[in-house]
Amino acid sequence: MQDLAGRTAFVTGGANGIGLGLVRALLAEGCKVALADIRQDAIDAALATLDNQDVIGVQLDVASRDGFAAAADRVEADLGPVSLVFNNAGVNLFQTIDDSSYDDWDWVLGVNLHGVVNGVMTFIPRMKARGGGGHIVNTASMAAFLCGPQPGIYNTAKFAVRGMSESLRYSLAPHGIGVSVLCPGLVKSHIFASDEVRPDELKAGAKAVDPASVGRLEQIHQVGMEPDVIAARVIEAVRANRFYIFSHPEFRDELREVFDDILDAFRDYPEDSAFQQRLAFEKMRRDGYRAARQAARGDG
Ligand code: NAI
């Protein structure tokens, strides 16, 4: 998609961090933009910095299916059909899985995974029915590839967003709708304060927030990449219809190391009885997968 001007974009988690960077970049491209966020005060503060007629704020908890549909209706009534969707809202929780509660799962998966699912389920039928193409960018993370003990639930959600985005890319390519997955490393953002937006009904199973560890996280994020730098890389990738958006080049070698570890786990087992018969099926599947990747890139 070369020309973004005149299209309407919907950005979740738009009041801070990457989302706000995306809002600024999209406005600069000549888009009309809906800035969706759970925090009304942050929406108001963000809109005040933008001073632009082409952006509106919409309060939305992305974990709510009904809320998402209502927000989409409102935005489309005001700004016209949405054809650029940025499912970007996210929260983090640094705590091992064995130390976590169901409330922790419901919160982190509710925002980081179901928030993306809800964005997809809300807008895809509308975009398909209207034609005219479009693009969806789902924000995952390098945590969609690299695991640690602490962000266990976050890792689970981000791996799922990556898989969901790739599958979606192949089914939407025939409709002229591109899909990309954004995988940033450290970002200069407000994510260290995620506990502020945890819903009351999911707090019973939460551990007490440790201000010292929130402070440490805030310090670490100070050296994160500027959201405007990431947003420029996202816009370039949307134009090129590239699936993976690796904003942080410092991860390339580590990813190679991890992929090598994965490949090293294969073993030269002796052939089992059905091995040869399976090969024909796997060849057909593999050829189909390759063709789908090429077609989605537009070079199939
Ligand atoms: P941020 O905290 O600055 O911005 C996220 C925005 O999402 C906030 O304005 C927050 O109010 C909003 N939000 C939280 N829960 C919401 C909900 N239920 N519904 C609607 N809005 C909600 O954080 P940042 O870093 O800009 O995060 C954006 C995305 O980038 C997230 O998906 C995050 O997981 C991802 N990411 C962030 C990294 C980092 O180092 N900060 C690294 C890799 C990925």
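Numbering starts at 1 and runs along the sequence shown. In each ligand, atom 1 is the first atom listed, and ligand 1 is the first ligand listed.
Every N/O-N/O distance between A36 and ligand 1 stays at or above 3.5 Å. When only interatomic distances are considered, the shortest N/O to N/O separation between I191 and ligand 1 falls below 3.5 Å. Checking only distances, S141 never comes within under 3.5 Å of ligand 1, N or O to N or O.
Shown in contact with H221 at under 4.0 Å from a heavy atom are these atoms of ligand 1, numbered in order with element: 39 (C), 40 (O), 41 (N). Within the listing of ligand 1, atoms 17 (C), 18 (N), 19 (N) sit less than 4.0 angstrom from a heavy atom of D61. Shown in contact with V91 at under 4.0 Å from a heavy atom are these atoms of ligand 1, numbered in order with element: 14 (C), 15 (N). Within the listing of ligand 1, atoms 26 (O), 30 (O) sit less than 4.0 angstrom from a heavy atom of I18. Proximity to A140 (heavy-atom distance under 4.0 Å) selects the following atoms of ligand 1: 35 (C), 44 (C). Contact atoms of ligand 1 toward N88: 28 (C), 29 (C), 31 (C), 32 (O) (distance under 4.0 Å to a heavy atom of the residue). Which parts of ligand 1 touch R39 is read off a 4.0 Å heavy-atom cut-off, strictly below it: atoms 10 (C), 11 (O).
Looking only at heavy atoms of the protein, atom 40 (O) of ligand 1 is closest to V187 N, 2.9 Å. Atom 13 (N) of ligand 1 has as its closest protein heavy atom I38 CG2, 3.9 Å. The single protein non-hydrogen atom nearest to atom 8 (C) of ligand 1 is D37 OD2, 3.5 Å, given as residue, atom name and distance. What sits closest to atom 19 (N) of ligand 1 on the protein, heavy atoms only, is V62 N, 3.0 Å.
With hydrogens and angles ignored, the 3.5 Å screen pairs a side-chain donor or acceptor of N241 with a backbone N or O of A296. Between the side chain of S101 and the backbone N or O of D104, at least one donor-acceptor pair lies under 3.5 Å.
With no hydrogens or angles considered, a side-chain donor-acceptor pair links Q276 and E271 at under 3.5 Å.
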